[in-house]
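First up is the structure itself, then whatever we jot down about it.
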Amino acid sequence: MEPMNIMLFHSTYGLRPAVHAAADRLRAAGHEVRVPDLFEGHTFESTDEASAYREKVGKDELLRRAVLAAAPYSDQGLVYVGFSLGAAVAQTLALGDAKARGLLLFHGTSDLAENATVDELPVQLHVADPDPYETEDWLNSWYLQMGRTGADVEIYRYPGAGHLYTDPDLPDWDEAAAEQTWKVALGFLATL
């Protein structure tokens with residue numbers, strides 16, 4: 001297995017212990033992992049607090065921070081990985097990076113630019129089933145749109161899990177679903 005250069009983006013709660021634990025898990029599998037802090041040290045206990053901060057900073061500024069974090073490493077062929085909000089950021093960057101090696105999404109997706117194209121970019125998505133933020137209709141549409149970009153997409157759904165079920169510090173935590181997710185995700189990275 002070739003080690004991957006991974007850019008890992010945190011959820012709307014900020015750079016919390018679960019994100020560092022995820023980075024450690026990826027490093028233990030032999031990968032080089034960078035974890036930028038898009039919220040500049042702010043973490044949140046509720047989605048309301050996090051949403052207020054996100055709106056204050058703005059989507060464009062968060063994307064600018066993400067691009068600045070990834071740019072020094074993008075020539076190495078990054079794998080973009082993210083949790084929820086971070087998955088949306090990872091998706092946007094991966095679809096704009098011709099050298100991207102892969103895209104691993106936990107708990108989230110994003111709208112696609114109309115002109116986005118990739119050359120068989122491997123993409124794997126892990127979501128709760130049902131997920132209030134990733135509805136059935138949205139996921140069907142997203143899957144078709146990603147296919148039209150040229151991405152090679154796999155979706156894994158976890159019945160009964162909460163939205164951020166891989167974070168043991170949140171009420172959504174589902175240990176069995178989280179372990180299955182990591183098993184499949186690490187297998188995906190090993191194929192890149």
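Reckoned from all heavy atoms, side chains included, excluding hydrogens, waters and symmetry mates. These figures come from a predicted structure and were not determined experimentally.
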For this session: Show your working on side chain to side chain contact (heavy atoms under 4.5 Å, CB included) between His163 and Ser84 and close with a plain yes or no.
Result: CA-CA 8 Å; His163 175 65; Ser84 193; 2.8 Å; yes
For this session: Could you give me the CA-CA distance, side-chain angles and deciding distance for Asp172 and Thr166, then say whether side chain to side chain contact (heavy atoms under 4.5 Å, CB included) is met?
Result: CA-CA 8 Å; Asp172 291 345; Thr166 59; over 6 Å; no
Exercise. Hey, mind stepping through Arg16 and Asp167 against salt bridge (charged side-chain N to carboxylate O under 4.0 Å, His left out) and telling me if it holds?
Worked result: CA-CA 9 Å; Arg16 295 162 37 91; Asp167 188 330; 3.5 Å; yes
Problem set entry | Derivation of the side chain to side chain contact (heavy atoms under 4.5 Å, CB included) call for His126 and Leu105 | CA-CA 6 Å; His126 297 269; Leu105 305 171; over 6 Å; no
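Rounding to the nearest 0.5 Å places NZ of Lys99 at 12.5 Å from CG of Asn5. One finds the CD atom of Glu154 at 9.0 Å from the OH atom of Tyr143 (value rounded to the nearest 0.5 Å). Between the CG atom in Leu38 and the CZ atom in Arg64 there is a gap of 11.0 Å [rounded to 0.5 Å].
The shortest non-hydrogen separation linking Ala69 to Pro72 is O-CD, 3.5 Å. For the residue pair Asp169 and Pro17, the shortest heavy atom distance occurs at OD2-CB, 4.0 Å. Across Thr92 and Ser110, no two heavy atoms sit closer than the pair OG1-OG, 4.0 Å. Shown here for Ala161 and Ala128, the closest heavy-atom pair between the two residues is O-CB, 3.1 Å. Pairing each heavy atom of Ala18 with each of Pro168, the nearest pair is CB-CD, 4.1 Å.
Checked by atom type and distance alone, the side chain of Arg157 never pairs as donor or acceptor with a backbone atom of Val127 at under 3.5 Å. Between the side chain of Gln124 and the backbone N or O of Leu104, no donor-acceptor pair lies under 3.5 Å. Between the side chain of Asp152 and the backbone N or O of Leu121, no donor-acceptor pair lies under 3.5 Å. Checked by atom type and distance alone, the side chain of Thr135 never pairs as donor or acceptor with a backbone atom of Asp131 at under 3.5 Å.
Under 3.5 Å, the side chains of Tyr80 and Asp97 contain a donor-acceptor pair of N or O atoms. When only modelled atom types and interatomic distance are considered, His107 and Ser11 share no side-chain donor-acceptor pair under 3.5 Å. Tyr165 and Thr181 share a side-chain donor-acceptor pair at under 3.5 Å. For the residue pair Trp138/Thr109, the side-chain donor-acceptor check at 3.5 Å is satisfied. No hydrogens or angles considered: a donor-acceptor pair under 3.5 Å links the side chains of Ser141 and Gln145.
You'll find the side chain of Ile6 stays beyond 4.5 Å of the side chain of Leu78, heavy atoms only. Between Trp142 and Val153, some side-chain heavy-atom pair lies under the 4.5 Å cut-off. A heavy-atom distance below 4.5 Å is found between the side chains of Arg54 and Leu62. Counting heavy atoms from C-beta outward, Pro122 and Leu192 have side chains that approach closer than 4.5 Å. Side-chain contact between Pro3 and Glu32 is absent, with no heavy-atom pair separated by less than 4.5 Å. Proximity of Thr149 to Leu112: side-chain heavy atoms (C-beta onward) are separated by under 4.5 Å at one or more points. Looking only at side-chain heavy atoms (C-beta outward), Phe9 and Leu93 come within less than 4.5 Å of each other. Between Leu164 and Tyr13 the shortest side-chain heavy-atom distance falls below 4.5 Å.
Under a hydrophobic clustering in which Ile, Leu, Val, Met, Phe, Trp and Tyr are joined whenever their side-chain heavy atoms come within less than 4.5 Å, directly or via other members, Trp173 and Leu170 fall into different clusters. Linking Ile, Leu, Val, Met, Phe, Trp and Tyr residues whenever their side-chain heavy atoms come within less than 4.5 Å leaves Val33 and Met7 in two separate clusters. Linking Ile, Leu, Val, Met, Phe, Trp and Tyr whenever their side-chain heavy atoms come within less than 4.5 Å puts Leu125 and Val118 in one cluster. In this structure, Leu103 is a member of the same hydrophobic cluster as Ile155, with clusters built from ILVMFWY side-chain heavy atoms closer than 4.5 Å. Leu8 and Leu95 sit in two unconnected hydrophobic clusters of ILVMFWY residues. Membership requires side-chain heavy atoms under 4.5 Å apart, directly or through other members.
Heavy atoms from other residues, nucleotides or ligands lying under 6.0 Å from CD of Glu175 number 12 at most. For Glu61, the CD atom is densely surrounded, since the number of other residues' heavy atoms within 6.0 Å is greater than 12.
Pairs of residues two or more places apart, or lying in two chains, that qualify as ring pair (Phe, Tyr, Trp, His ring centres under 6.0 Å) and include a residue from residues 18-52 are His10-Phe39, Phe39-Phe44, Phe39-Tyr53, His42-Tyr53, Phe44-Tyr53.
By the 4.0 Å N-to-carboxylate-O rule, Glu2 lies close enough to Arg101 to be salt-bridged with it. The pair Arg65-Glu40 meets the salt-bridge criterion, with a side-chain N (NZ, NE, NH1 or NH2) lying under 4.0 Å from an Asp/Glu carboxylate O.
The only option from Phe188, Tyr158, Tyr156, Phe106 that meets the ring pair (Phe, Tyr, Trp, His ring centres under 6.0 Å) definition with Trp182 turns out to be Phe106.
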